[in-house]
Amino acid sequence: MLLNQLREITGIQDSAFLHAALKAANGDLMEAVGFLTEEHAQEPTQNAAAAEPSTWEGSAAGKQLPPNGTALTPSNKDDLQAVVAFSVLESPKAQAAEREVERAQEAHPAENKNRSKRKRCEVWGENLKQNDWRRVGDWPVGMKNIGNTCWFSAVIQSLFQLPEFRRLVLGYSLPQSVLENCRSRTGKRNIAFMQELQCLFALMLGTHRKFVDPSAALELLRDAFRSAEEQQQDVSEFTHKLLDWLEDAFQLAVDVNSPGDKSENPMVQLFYGTFLTEGVHEGNTFSKIETFGQYPLQVNGYRNLNECLEGAMVEGEMDEETAAQSVKYGQERWFTKLPPVLTFELSRFEFNQSLGQPEKIHTRLEFPQTIYMDRYLYSSKELIQMKREEIKRLKEKIVILQQKLEKYLKYGSGPTRFPLPDMLQYVLEFITTKPAVVISSAHDSRTTVLQSQAESHVLDRLSQQNSIPETKNTKTTEDTAFFLANSSPQQKLSTPLQSSDSPAEISDRPAPHMVSEEEMNLVRTCLQRWRNEIEQDMQDLKDSMARINLSIEQMYCDPLLQQVPYRLHAVLVHEGQANAGHYWAYIYDQPRKSWLKYNDISVTESSWEELERDSFGGLKNASAYCLMYISDNVSHFVADEDDDSEVGQFQKEVEALPPELKHYIQEDNWRLEQEAEEWEEEQSCKIPQIEPSPAFESQDLSSESGPDQSSVCEQSMRSLSSEHAMIAKEQTAQAIANTADAYEKNGVEAALCEAFHEEYSRLYLLAKETPTPQNDARLQHVLIYFLQNNAPKQVVERTLLEQFADKNLSYDERSISIMKVARAKLREIGPDDVDMEEYKRWHEDYSLFRKVSVYLLTGLELYQNRKYQESLTYLVYAYQSNTTLLMKGPNRGVNESLIALYRRKCLLKLNDVAASLFVSSEDARVAEGINILNELIIPCMHLIINNDISKDDLDAIEVMRNRWCSYLGREDMDGKQQLPASPFLCCIFQVVGTVSRS
């Protein structure tokens, strides 16, 4: 036991080394831990993470030694180290293991060092890259560990992923009168905690961060849990306290309409149930109903969750016969009401009297993904009691069968017993053994030598016998001793030896002196028949027990007892010992139909197999600590609700939030952008210190032409506004260069102010010009687009300020100084000053405008190169996107008639190509023409008529229809062309008919 504890605490696997440490410490576990970890404690700290507490800090290993323990002073530490080293050196096996450990440590020095410095709850580092800050799509967010707070993360994540609980928290509100009249300290604390939990849940819904910071909510828990510097809090203790606080907070809202009525409390309705206890004590029966939140279950002595529940529901004897005999104690529990969320606490700790401290139970305990609670309900009492009686009767029958089987397995009347089939086999082997050949010797010296060899051989057999089970066909020590004491020298020699003068084989086993063939056949026949009969009897007993065990296992598979299923929602896992360890959670993600692992800031996809390995226990010091099941009705409701996608559901919930919570999310996301800009600023300030290479310069110049030519990585790191600022980088640099005098005379802020106003004036004048296809100033600068479309003043000013805050302006000291001042002013602009959602929409429109221009130019270039199929695709996309922009204003998009003109020209050209292929009479070309008609021309016609069709477009469609109608009835076209033409012409007729009716 001590060896296993020492191995788990220190991580050292060498048993010889651990045993030597315990021996040198006189069996004192704390001293042995102190010695084995002394090496790590003396390592110099290389960084902040390395200076944090080690694995056993705060545990029993790190506490003060008992008064009678031997203190490890520098002198006796050295003595202890010498004793352990000497003990290990004595063992060759230990030396080899030590060499293997040394080689492994040399091969992975960093990994070993990190393991030695590992904390009970690892606090994730702050030095993350910018990409590590941001949430990826709709992936759930993690939670920052701010120092031994992994228990908080595990519980909160499990509760947050319950949609009903999440809606209750986010929708919590109290009338103003209740807030004003709340005088108690606990009431104010509960309200404050609920408000912080609301903010935390809101961020978990709508944040752009990869993980959230729960510091504000945890700060309110410090008083209830003493201080954060204490050892980690128990998950069940925390969950009890959390549910109590939430229940009290919701009760304040319930008391407005139903004072004191806890049945209306949503926390009670969601998490609390009731059970009935019926029992007998000293011959007197009793009955009572109790309420439960988290139902505690003992783990020790049980194999699975159903066995735990059965043990918790039945204590002692409760049948009528024993009750009539005045049994001292016995009781049964029955659930009378189950909550929608059913939580089981698995008690995995017990107090070790010898060590004087709590100890974790690592035994394996299995639990299912679906558990049927019918067998524990009061409504099923009569049926379950009948089945329990049947199980009791079957178990008694198994005991009787096992006793019968034991009589076969342990046969005999003496102190040593053997399996009866083996004994019969031994007798059969005895009678079939040939008698030994006795060899005489004429020389006393040879007799003496042979006798010595025989005794040596027998002694060897004696030494081997100690490691051979009693059931094997070998001599016992008493038999061999009797053989040596009572045999003559010749007899002693006849067993182990073979004469070198005679080819006859000498047996070393006992054998009958004389047996006739008739006797041997009779005995062999009887022994073999008896052995077969006994083996058949034993197999029948085993089969009977197997059938009974199967009946017991299937006893509750009755369809009548599978009407109340509960699905596993979350598993809270603890790794470590009783007073030190780490928590994380596995939570089933309904939309993704998979298990996710929530481990502080990390949220990763997992599997049921990984959950089993980490949660069942028995293999390592990690095991499930708390199980959260949800009613099957709730799980189906969640599944129906989340059929679309989790991101859609989260977005709906964000939109339904109160304005103050939506504003809180926007403010945090804005703060994230500010943090990202500050990080970029720190990186950009390092650029002047690095001599750029020619490759770097060429790459930088190539990126000036627009965001489309920048790398994907750079696009992901910049917002749209930053991309638009980079487009005008050269113009901004020129504006800064024009402020050289102001910079020298009046400083940085004056230079920025002058550049700002001059650039604004320049852009304002350009915005007055009417855009033409040959010269569209809107493509030069985003602000020209904004000014022509009357964008809000705040949007224009912030965009222009971002132009001067662009990190790509790190040309010289003046540029960097102006950039820093511009960034400082940007940080002063908060969400209250600029509507960030509106700001984002304006930049998205400008980005779409530039894409429309690119689509149009690409389509025109392809048209000139006679690539009509590709050209039509680009022109159609350009027209559709441009229509979306023009719906917001006449200057939001490009000239619609220009796109329509070339779309129409391209469509007519493509129609000519398709028609030429169709009349070619070649199967491959005919098929290609039909494919063009089907995939491009007809869909494009439908798009044209869905909008306000012009006369030119209508005339073009009529021309194309007439072209295809001319092929009907032509004698020079064979059947293969006539047949497929009909459905396509029908489509064209439908299109033209639709236009004509409109």
Residue pair D806, K729: steps toward the salt bridge (Lys or Arg N to Asp or Glu O under 4.0 Å) verdict: CA-CA 8 Å; D806 184 15; K729 183 175 66 170; over 6 Å; no
Over 12 foreign heavy atoms within 6.0 Å of CZ, F804: yes
Side-chain heavy-atom pair [X], [Y] within 4.5 angstrom cut-off:
| X | Y | result |
| --- | --- | --- |
| I944 | Y879 | no |
| D953 | R903 | yes |
| M143 | M204 | yes |
| N669 | I665 | yes |
| S853 | V894 | yes |
| V141 | K210 | no |
| Q161 | Y598 | yes |

Quick one about [Y] and [X] (side-chain donor to acceptor, distance below 3.5 Å, no hydrogens or angles considered), yes or no?
| X | Y | answer |
| --- | --- | --- |
| K768 | Y764 | yes |
| Q803 | T732 | yes |
| S950 | D952 | no |

Checking S847 against K851 for the side chain to side chain contact (heavy atoms under 4.5 Å, CB included) test, could you report, in this order, the C-alpha distance in whole Å, the side-chain angles of both residues, the deciding distance, and whether it holds? CA-CA 6 Å; S847 179; K851 288 181 181 178; 4.1 Å; yes
Given salt bridge (Lys or Arg N to Asp or Glu O under 4.0 Å), test R592 with D138 step by step and report yes or no. CA-CA 11 Å; R592 294 179 175 84; D138 64 331; 3.2 Å; yes
Sub-3.5 Å donor-acceptor pair from the side chain of [X] to the main-chain atoms of [Y], do we have one?
| X | Y | answer |
| --- | --- | --- |
| N789 | A791 | no |
| S881 | Y877 | yes |
| R135 | W139 | yes |
| N865 | E861 | yes |

Please determine if [X] and [Y] form a salt bridge, counting it only when a charged side-chain N lies under 4.0 Å from a carboxylate O.
| X | Y | result |
| --- | --- | --- |
| K951 | D955 | yes |
| E837 | K662 | no |
| D600 | K144 | no |

CA sep, side-chain torsions, deciding dist, call: V796, Y760, side chain to side chain contact (heavy atoms under 4.5 Å, CB included): CA-CA 9 Å; V796 172; Y760 182 86; 3.7 Å; yes
With rounding to the nearest 0.5 angstrom, report the [atom1] to [atom2] distance, [X] to [Y].
| X | Y | atom1 | atom2 | result |
| --- | --- | --- | --- | --- |
| K905 | Y868 | NZ | OH | 10.5 Å |
| L205 | K652 | CG | NZ | 13.5 Å |
| Q788 | T770 | CD | OG1 | 8.0 Å |
| W670 | I829 | CH2 | CD1 | 8.5 Å |
| I937 | Q869 | CD1 | CD | 9.0 Å |
| L862 | L872 | CG | CG | 11.0 Å |

Return the minimal non-hydrogen interatomic distance between [X] and [Y], and the atom names on each side.
| X | Y | result |
| --- | --- | --- |
| G893 | R778 | O-NH1, 3.0 Å |
| L801 | K825 | CD2-CB, 3.8 Å |
| A805 | M819 | O-CG, 3.6 Å |
| T799 | Y839 | OG1-CE1, 3.4 Å |
| A202 | L657 | CB-CD1, 4.3 Å |
| L170 | L661 | O-CD1, 4.0 Å |

Applying side chain to side chain contact (heavy atoms under 4.5 Å, CB included), run through L197 and I156 and close with a yes or a no. CA-CA 9 Å; L197 195 61; I156 291 298; 3.9 Å; yes
Can you say whether the rings of H843 and F786 are parallel (under 30°), tilted (30 to 60°) or perpendicular (over 60°)? perpendicular
If you apply the rule salt bridge (Lys or Arg N to Asp or Glu O under 4.0 Å), what do you find for D845 with R841, and how did you get there? CA-CA 6 Å; D845 286 350; R841 286 195 296 271; over 6 Å; no
Does R166 make a cation-pi contact with F201 (under 6.0 Å, within 45 degrees of the axis)? no
So is R892 actually on top of W842's ring, under 6.0 Å and inside 45° of the axis? yes
Test N775 against Q780 for side chain to side chain contact (heavy atoms under 4.5 Å, CB included), laying out the working first. CA-CA 10 Å; N775 183 22; Q780 299 178 23; 4.0 Å; yes
List the steps, then state whether salt bridge (Lys or Arg N to Asp or Glu O under 4.0 Å) holds for E758 with R762. CA-CA 6 Å; E758 287 188 3; R762 185 182 70 83; over 6 Å; no
Taking the six-membered ring for Trp, are Y846 and H781 closer than 6.0 Å centroid to centroid? no
